[in-house]
Amino acid sequence: MQYIMISDFYQILKEKYKYFVTYFIFIFIFLIFELFLQLDYGDIFLSLMGIKLVKKNILFILLYLSSILISLFIAYNIFSYDFKSSFNNIFLRISPKKWMFYKSVSCLFFTIFFRFTLFLIIATVLAFLYNNGVIWYILLFLKSILYFSFIQLLFILVTCLFQTKKIISFLLSIFISIIFLSSILIFLSDIWWIYLFLDILLIIILMYTYENCFINLFERNGG
């Protein structure tokens, strides 16, 4: 598992670092913009971390969606890398179920690294300007990891199902879209533990559905 995690970490930073640098620049610009608007420090932190829509206008909606998209970008690249580089011998030394579990852990590891970097940038600026404690920031950061891991795993599951069970996937995708558009699923901080339960459940489902649909996914996408 350690080799898989190190390999994933290295390849995604090497090949995709420009996307992450661009995203950090985008967040920093938005940080200045929100400070100019004199928003509450809590709202600034939550919006830049991608877990709250503080204003329902196009700019803040794009900010929220960008946080989701960068998370899905991380998940897709981590799960698809082996199929693009070593498809023929990927399962010579590891079973499909273990591979799926290791990839899920690898995705979690990189998500923590990426979001911790983002957290440091935002929290450092806000703590300096507002001279407030960091405990609240840290707790929200830990909760957000579970939230975005849930989104990533759900995305991988829906993408897999779409290749073999298109009707189920289509209905599930509509349901998920309605939830996002209605803002029901935007970071349930008071019952954050539900994301821990859902993360574990999704990993188990992915491990047991992998053999039927996961290989088809990347074969059809040129893997």
Side-chain angles (χ1 to χ4, degrees), residues 1-16 19-20 49-51 67-87 89-119 141-165 168-169 172-173 175-176 179-180 185 187-188 192-221 223:
M1 180 170 69
Q2 183 179 5
Y3 171 77
I4 292 177
M5 292 175 62
I6 293 175
S7 177
D8 288 339
F9 189 88
Y10 175 76
Q11 69 84 19
I12 195 170
L13 279 183
K14 178 182 177 181
E15 298 181 6
K16 310 297 181 182
Y19 295 95
F20 299 124
M49 289 295 291
I51 51 183
S67 188
I68 294 177
L69 290 176
I70 196 69
S71 297
L72 300 186
F73 176 79
I74 291 171
Y76 179 80
N77 278 278
I78 287 179
F79 278 90
S80 66
Y81 173 70
D82 289 345
F83 288 87
K84 295 176 181 178
S85 60
S86 56
F87 178 76
N89 58 8
I90 187 174
F91 297 122
L92 294 180
R93 296 183 180 181
I94 188 173
S95 68
K97 289 181 181 179
K98 284 186 177 180
W99 182 89
M100 175 58 70
F101 175 75
Y102 291 165
K103 281 291 181 176
S104 298
V105 175
S106 184
C107 187
L108 174 63
F109 174 74
F110 191 85
T111 297
I112 292 174
F113 169 78
F114 171 77
R115 302 206 66 80
F116 183 71
T117 304
L118 181 65
F119 161 78
F141 162 73
L142 294 175
K143 294 175 182 180
S144 71
I145 293 298
L146 298 176
Y147 170 68
F148 284 103
S149 294
F150 163 70
I151 292 175
Q152 290 171 322
L153 292 171
L154 188 60
F155 165 72
I156 294 299
L157 178 60
V158 171
T159 307
C160 292
L161 290 174
F162 186 74
Q163 303 300 311
T164 56
K165 303 181 184 298
I168 295 177
S169 180
L172 184 59
S173 298
F175 175 71
I176 294 171
I179 290 177
F180 276 120
L185 197 58
F187 196 59
L188 307 175
W192 61 268
W193 51 265
I194 194 172
Y195 294 119
L196 175 61
F197 169 77
L198 291 174
D199 285 345
I200 296 173
L201 179 62
L202 284 172
I203 291 175
I204 294 173
I205 293 174
L206 278 169
M207 288 173 60
Y208 282 91
T209 58
Y210 167 77
E211 293 179 343
N212 294 325
C213 61
F214 202 76
I215 291 179
N216 290 335
L217 166 64
F218 293 104
E219 283 182 333
R220 296 183 184 186
N221 286 277

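In this structure, the separation between OG on S67 and CD1 on I51 is 8.5 Å, given to the nearest 0.5 Å. One finds the CG atom of L108 at 11.0 Å from the CD1 atom of I74 (value rounded to the nearest 0.5 Å). Here the straight-line distance linking atom CD1 of I203 with atom OG of S104 works out to 4.5 Å at 0.5 Å rounding. Between I12 atom CD1 and Y76 atom OH the span is 12.5 Å, to the nearest 0.5 Å. For the atom pair CZ of F141 and CZ of R115, the computed distance is 8.0 Å after rounding to the nearest 0.5 Å. Once rounded to the nearest 0.5 Å, the distance linking CG of L154 with CG of L72 reads 9.5 Å.
Taking the side chain to side chain contact (heavy atoms under 4.5 Å, CB included) definition, one finds that F73 meets it with K16, Y19, F20, I70, N77, sequence neighbours left out. By the side chain to side chain contact (heavy atoms under 4.5 Å, CB included) test, I204 is found to be paired with I200, Y208, residues two or more places apart in sequence or in another chain being considered.
Across L202 and L157, no two heavy atoms sit closer than the pair CD2-CD2, 3.7 Å. The two residues Q11 and I78 make their nearest non-hydrogen contact at NE2-CA, 4.4 Å. Minimum heavy-atom separation, F79 to C107: CE1-CB, 4.0 Å.
With S106 contributing its side chain and K103 its backbone, the two residues share no donor-acceptor pair below 3.5 Å.
Side-chain contact between Y195 and I145 is absent, with no heavy-atom pair separated by less than 4.5 Å. F148 is listed as a side-chain neighbour of I151, based on a closest heavy-atom distance under 4.5 Å. Here the side chains of F155 and S71 are not in contact, with every heavy-atom distance at 4.5 Å or above.
The aromatic rings of F113 and F9 stand perpendicular to each other, their planes meeting at an angle above 60°, with 30° marking the opposite boundary.
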